[in-house]
Amino acid sequence: MRIQTIYIGHLSENCYILETESSAIVVDPGRLNNTLRSEVERIKNKNTLILLTHCHFDHISGAEKLAEFLDCKVAIGEHEAENLIDDSVNLCTRFHLPENKRQADILLKDNEEYSVGDLKFKVLHTPGHTSGSACYLFGDVLISGDTLFHQNIGRTDLKTGSEQEMMKSLERLSNLDGDIKVYSGHGLPTTI
């Protein structure tokens with residue numbers, strides 16, 4: 001599996017393209033800018049999915065246009081489905097962006113395993129940054145969204161955030177087996 005990081009948007013959020021020869025997953029397209037558009041050109045004919053870690057605008061704003069461009073579906077954790085289209089939670093209104101009316105096509109369940117072609121991942125519901133935040137485990141690679149950063153954690157003071165839930169989620173992540181490499185929503189890769 002190849003992992004490519006693309007820095008997008010005004011908050012320097014990370015968008016990831018995980019791919020094999022036949023499949024690709026685009027994680028958290030915060031905006032469909034020229035850089036991302038040129039990078040996804042080469043995966044246009046692959047079995048593709050857009051995967052969202054949580055509902056905040058800097059991670060979702062490019063999903064609708066990218067889904068149309070790639071002719072693929074959008075997936076998010078089932079506990080974040082309502083937040084995705086609630087502009088008071090996804091912060092679109094607060095940052096003067098168009099409302100997000102794009103619902104997810106696929107709602108992912110905690111502890112379930114999914115596959116996109118030969119890319120396989122497990123869903124870990126990790127509330128704290130938002131009530132429906134999720135991390136995605138691809139073998140020894142964790143896509144953590146805004147739950148866990150390099151030497152930091154996601155903020156918990158926004159709507160549906162919870163410091164208590166974040167602590168439980170971090171404890172869950174700390175119990176993962178193996179040497180896990182973490183790719184977060186902002187900043188450098190890290191480990192558990």
Side-chain angles (χ1 to χ4, degrees), residues 13-18 23-30 47-68 70-93 99-139 141-148 153-176 180 182-186 192:
E13 63 273 7
N14 295 328
C15 172
Y16 298 104
I17 300 175
L18 295 82
S23 307
I25 295 176
V26 180
V27 181
D28 288 353
N47 187 3
T48 306
L49 176 72
I50 296 171
L51 190 56
L52 305 176
T53 60
H54 65 289
C55 71
H56 287 156
F57 76 96
D58 55 324
H59 296 264
I60 68 167
S61 294
E64 183 172 8
K65 288 181 181 176
L66 185 59
E68 291 171 12
L70 293 172
D71 189 25
C72 71
K73 294 185 177 183
V74 176
I76 198 167
E78 67 178 342
H79 300 289
E80 195 76 335
E82 292 302 316
N83 294 340
L84 182 62
I85 57 172
D86 183 339
D87 290 324
S88 69
V89 180
N90 67 31
L91 306 176
C92 287
T93 304
E99 293 181 357
N100 179 57
K101 297 300 178 196
R102 174 66 156 85
Q103 297 181 347
D105 303 299
I106 302 169
L107 300 181
L108 305 168
K109 296 184 180 301
D110 184 38
N111 280 322
E112 292 290 318
E113 293 187 4
Y114 296 86
S115 61
V116 177
D118 54 354
L119 285 169
K120 298 180 183 349
F121 63 95
K122 181 177 181 179
V123 178
L124 302 172
H125 178 221
T126 52
H129 182 60
T130 65
S131 59
S133 289
C135 295
Y136 302 109
L137 187 61
F138 294 80
V141 169
L142 183 76
I143 305 295
S144 68
D146 286 3
T147 298
L148 179 63
I153 62 171
R155 58 190 293 182
T156 59
D157 60 329
L158 299 170
K159 193 168 183 180
T160 81
S162 166
E163 186 175 346
Q164 289 177 322
E165 291 298 314
M166 178 64 87
M167 293 303 111
K168 291 177 190 172
S169 293
L170 294 172
E171 183 176 349
R172 180 181 190 185
L173 295 180
S174 73
N175 290 323
L176 291 175
I180 307 291
V182 178
Y183 291 84
S184 60
H186 304 267
I192 296 292

Can you tell me how far [atom2] of [Y] sits from [atom1] of [X], rounded to the nearest 0.5 angstrom?
X    : Y    : atom1 : atom2 : result
N90  : D58  : CG    : CG    : 10.5 Å
I25  : L51  : CD1   : CG    : 6.0 Å
L107 : I76  : CG    : CD1   : 8.5 Å
K122 : L176 : NZ    : CG    : 8.0 Å
L148 : I143 : CG    : CD1   : 12.0 Å
T130 : E165 : OG1   : CD    : 11.0 Å

Practice item. List in chain and number order the residues that pass side-chain hydrogen bond (donor to acceptor under 3.5 Å, both in side chains) with S115, two or more places apart in sequence or in another chain; answer none if no residue qualifies. Key: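 So S115 forms no side-chain hydrogen bond (donor to acceptor under 3.5 Å, both in side chains) with any residue.
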
Review point. Taking only residues two or more places apart in sequence or in another chain, which ones pass side-chain hydrogen bond (donor to acceptor under 3.5 Å, both in side chains) with S131?
Key: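 For S131, the residues satisfying side-chain hydrogen bond (donor to acceptor under 3.5 Å, both in side chains) (neighbours in sequence not counted) are N83.
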
**Study point:** T147 versus T126, side-chain donor and acceptor atoms under 3.5 Å
**Key:**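 T126 vs T147: donor-acceptor pair found between side chains.
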
Point to revise | Working for side-chain contact (heavy atoms from CB on, under 4.5 Å), residues H59 and E13 | key: CA-CA 7 Å; H59 296 264; E13 63 273 7; 4.2 Å; yes

Taking [X] for the side chain and [Y] for the main chain, is one N or O donor matched with an acceptor at less than 3.5 Å?
X    : Y    : answer
S133 : G128 : no
Y114 : K109 : yes
E80  : C55  : yes
D105 : V74  : yes
R172 : H125 : yes

For the residue pair [X] and [Y], what are the closest heavy atoms and their distance?
X    : Y    : result
I192 : S174 : CG2-CA, 3.7 Å
P127 : S169 : O-OG, 2.6 Å
S61  : G30  : CB-O, 3.0 Å
N47  : G117 : ND2-N, 3.2 Å
Q103 : I85  : NE2-CD1, 3.4 Å
D118 : S23  : OD1-OG, 3.2 Å

Are [X] and [Y] close enough that some pair of their side-chain heavy atoms sits under 4.5 Å apart?
X    : Y   : answer
C15  : V26 : yes
D146 : H54 : yes
C72  : I50 : yes

Point to revise | Intermediate values then yes/no, side-chain contact (heavy atoms from CB on, under 4.5 Å), Y183 and N14 | key: CA-CA 9 Å; Y183 291 84; N14 295 328; over 6 Å; no

Exercise for review: Report, as yes or no, whether the 6.0 Å neighbourhood of atom CG on D71 holds more than 12 heavy atoms from other residues, nucleotides or ligands.
Suggested key: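 Not buried by this count: 12 neighbours or fewer within 6.0 Å.
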
Point to revise | Audit row: H129, H56, side-chain contact (heavy atoms from CB on, under 4.5 Å) steps and yes/no | key: CA-CA 10 Å; H129 182 60; H56 287 156; 3.0 Å; yes

Practice item. May I ask you to decide if the ring planes of Y136 and F121 are parallel, tilted or perpendicular, using 30° and 60° as cut-offs? Key: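 Judged by the thresholds at 30° and 60°, the geometry between Y136 and F121 is perpendicular.
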
Review point. Could you go step by step and tell me if I153 and M166 meet the side-chain contact (heavy atoms from CB on, under 4.5 Å) rule?
Key: CA-CA 9 Å; I153 62 171; M166 178 64 87; 3.9 Å; yes

Check your understanding: Given E171 and K168, is the salt bridge (Lys or Arg N to Asp or Glu O under 4.0 Å) satisfied, shown in steps?
Key -> CA-CA 5 Å; E171 183 176 349; K168 291 177 190 172; over 6 Å; no

Exercise for review: Indicate yes or no: does K65 engage E68 in a salt bridge with an N to O separation below 4.0 Å.
Suggested key: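 No, this pair does not count.
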
